[in-house]
Amino acid sequence: MNDHVRTRFAPAPSGSLHVGNVRTGLFSWLWARHNGGAFILRVEDTDASRVTEEAVHGVIESLRWLGIEWEEGPDVGGPHQPYRQSQRSLVYREQVDRLLTRGDAYPCYCTPEELEERRQLSLAQGRAPGYDGRCRNLTAEEREAFERQGRAAAIRFRMPDEEQSVHDLVKGEVRWAPGQLQDFVLMRSDGTPTFLLAVAVDDMLMGVTHVVRGDDLLTAAPRNARVIEALGGTPPAYAHVPQVNGPDGRPLSKRHGSTSIESFREQGFLPEALMNYLALLGWSKDERTTFLTKQELIGSFDLDRVSSNPAAFDVQKLEWMNNHYIQRLDDDDLAARCLHFLSEAGVLPDLSVLRRAMPLVKERMKRLTESVELLRFLFTDDVTPNEQAGELIARAPEGYLSTAADRLERVEPWSEEAIHRALDEVATAAGLNRTKGWQPIRAAVTGSNVSPPLPGSLELLGREATVARLRKAATRAG
RNA sequence: GCCCCCAUCGUCUAGCGGCCUAGGAUUUCGCCCUUUCAAGGCGGCGGCACGGGUUCGAAUCCCGUUGGGGGCACCA
């Protein structure tokens, strides 16, 4: 345990937070918690044009819902405020000035057009397309000349001309040959900081000890580290975790449909199930542990056991896990969660009945949204039979449903057991087994060929509605 | 084009030189249970990308090939 561990999650809230990003954030958070350290939420909005206020709120909402909390962030404040890069311009200006005076950074007067032109040329000649270092060693006179031309300078970092390496906690030792990592822009010519500057400065100033992020940022690590060192700080340890892929094995993106945390919530997934599933995407406790509570995850999470190869997101396994968690929720809790989806669908349940219906449906739902179709018949008299139900009703023996109605009308008491016996009597009298005998009744009462167990369902529905629906179907059956 | 990362059942993974005729989970298939649908139980199919090494011995180490991904922006 190391209570000095400080990690952060720094999403750029331009779009929605998808499960891949969050999986990475989850690892970062788990590492902080595992070490009894602190977790920071920071908004990476150096390119302010792409960020909306709703997006920032969305990020906060999604993380909260999942069960991730932070000690410092834009909403809760903290000793290193502000936590939005768009509000830290002065800080970046100050740090970039230090780099400038030390000669670790320099003004670059090349225009985007010139850079693009040279980039194309390099590519055509088979050389690296990056920055060629044109303004690296400008004399004072040359600078003045550019200034007189009215050129605005971007500020570039002077990358040491030597081999670069990072010791990554997941990838191991990674090296880049001298010249491979070119001088990059720290501050745009309009004075706004780039991601590369902001991240280095913030991680340093906020005392971040471990940077856990997607491995698409692996080449940013040596740049981040060199900037921090040039500023006199100690770079954090880096852990670059693989990206999460879609079911087709390609990186998760819009193309894969709704992959935002918000959409999983709307689809009826439990946050505890999603967290458990996500934690197992690229990490494992051992060879058999599948279910871990939040506390257990915190207790056993270790960057050492994070896999270095990308994982594909498998909804089916998530669904299976979701069902597992649903089954283990207590009835009040589950009912409260289903209520949201029922009312969303326009079904307004009697709360007491809803609660008592939970034992009947909990092992039948992969998603909470399924509670709507499973339980609708309990809360509405509109039970127009679906196609299969219609057939079941039509194929019922002559007078069968009326007989069932008659018999159920006399059931005493109106209990699951008594109803069960009555249903059997009706079926037996008609020479039918349970399957054949109960299905028409199920169809008539629930409007579907599939429903929760019949006796329990009828008990909850009540005698009156049950009998009425049977009679109505009987007339329709002719 | 150059650089970097990755490679075990369809999917998530265990495996860090002998315990592996490769284990678990999910998916799928079959059986059992059963009032429908599920859940549950039992069982089956299914994998070390390929080629070279190193070693008494390789899924495990090294090299190469192939494949996938990422980077080379005044995006993040």
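Residues passing the side-chain hydrogen bond (donor to acceptor under 3.5 Å, both in side chains) test with N245(A), sequence neighbours excluded: none. Residues that satisfy the side-chain hydrogen bond (donor to acceptor under 3.5 Å, both in side chains) test with R407(A), not counting sequence neighbours, are E425(A). Scanning for side chain to side chain contact (heavy atoms under 4.5 Å, CB included) contacts around T435(A) gives N433(A), with sequence neighbours left out.
The nearest heavy atom of RNA chain B to R305(A) and to P247(A) marks one nucleotide each, and the one closer to the 5' end goes with P247(A).
Taking every heavy atom of residues 282-293 of chain A and every atom of RNA chain B, pairs under 4.0 Å involve G282(A), S284(A), E287(A), by number.
Atom pair E319(A):CD and C12(B):P shows a separation of 17 Å (rounding to whole Å applied). Atoms CG (D314(A)) and P (C9(B)) sit 14 Å apart, rounded to a whole Å. As rounded to whole Å, 13 Å separates atom P of C12(B) from atom CG of L252(A). If you measure from atom CD of E116(A) to atom C1' of A73(B), you get 9 Å, rounded to the nearest angstrom.
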What does the list of N/O pairs under 3.5 Å between the protein and nucleotides 66-68 of chain B look like, with a distance for each?
none

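Contact annotation: the side chain of T194(A) never approaches that of F157(A) to less than 4.5 Å [non-hydrogen atoms, C-beta and beyond]. By the 4.5 Å heavy-atom criterion applied to side chains, Q439(A) and E391(A) are not counted as neighbours.
As the counterpart of U54(B), no nucleotide is assigned, since no Watson-Crick or G-U wobble pattern has both distances under 3.5 Å. In this entry A38(B) has no Watson-Crick or G-U wobble partner, no candidate having both defining distances under 3.5 Å. The base-pairing partner of C2(B), taking Watson-Crick or G-U wobble contacts with both distances under 3.5 Å, is G71(B).
Taking 4.0 angstrom as the limit, N309(A) places none of its side-chain polar atoms (N or O) nearer than this to OP1 or OP2 of C12(B). For C72(B), neither phosphate oxygen OP1 nor OP2 lies less than 4.0 angstrom from any side-chain nitrogen or oxygen of R223(A). When the side-chain nitrogen and oxygen atoms of R175(A) are compared with OP1 and OP2 of C4(B), none of them lie within a distance under 4.0 Å.
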Does the protein touch nucleotides 37-49 of chain B at the base, only the backbone, or not at all? Give it as B, S and - per nucleotide, heavy atoms under 4.0 Å. BBS----------
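Counting atom types as modelled, T219(A) pairs no side-chain N or O with a base atom of C4(B) as donor and acceptor under 3.5 Å.
Among the protein residues, F184(A) comes within range of no part of the nucleic acid, since none of its heavy atoms lies under 4.0 Å from any strand.
Side-chain proximity of E44(A) to C74(B), C3(B), A76(B): nearest is A76(B).
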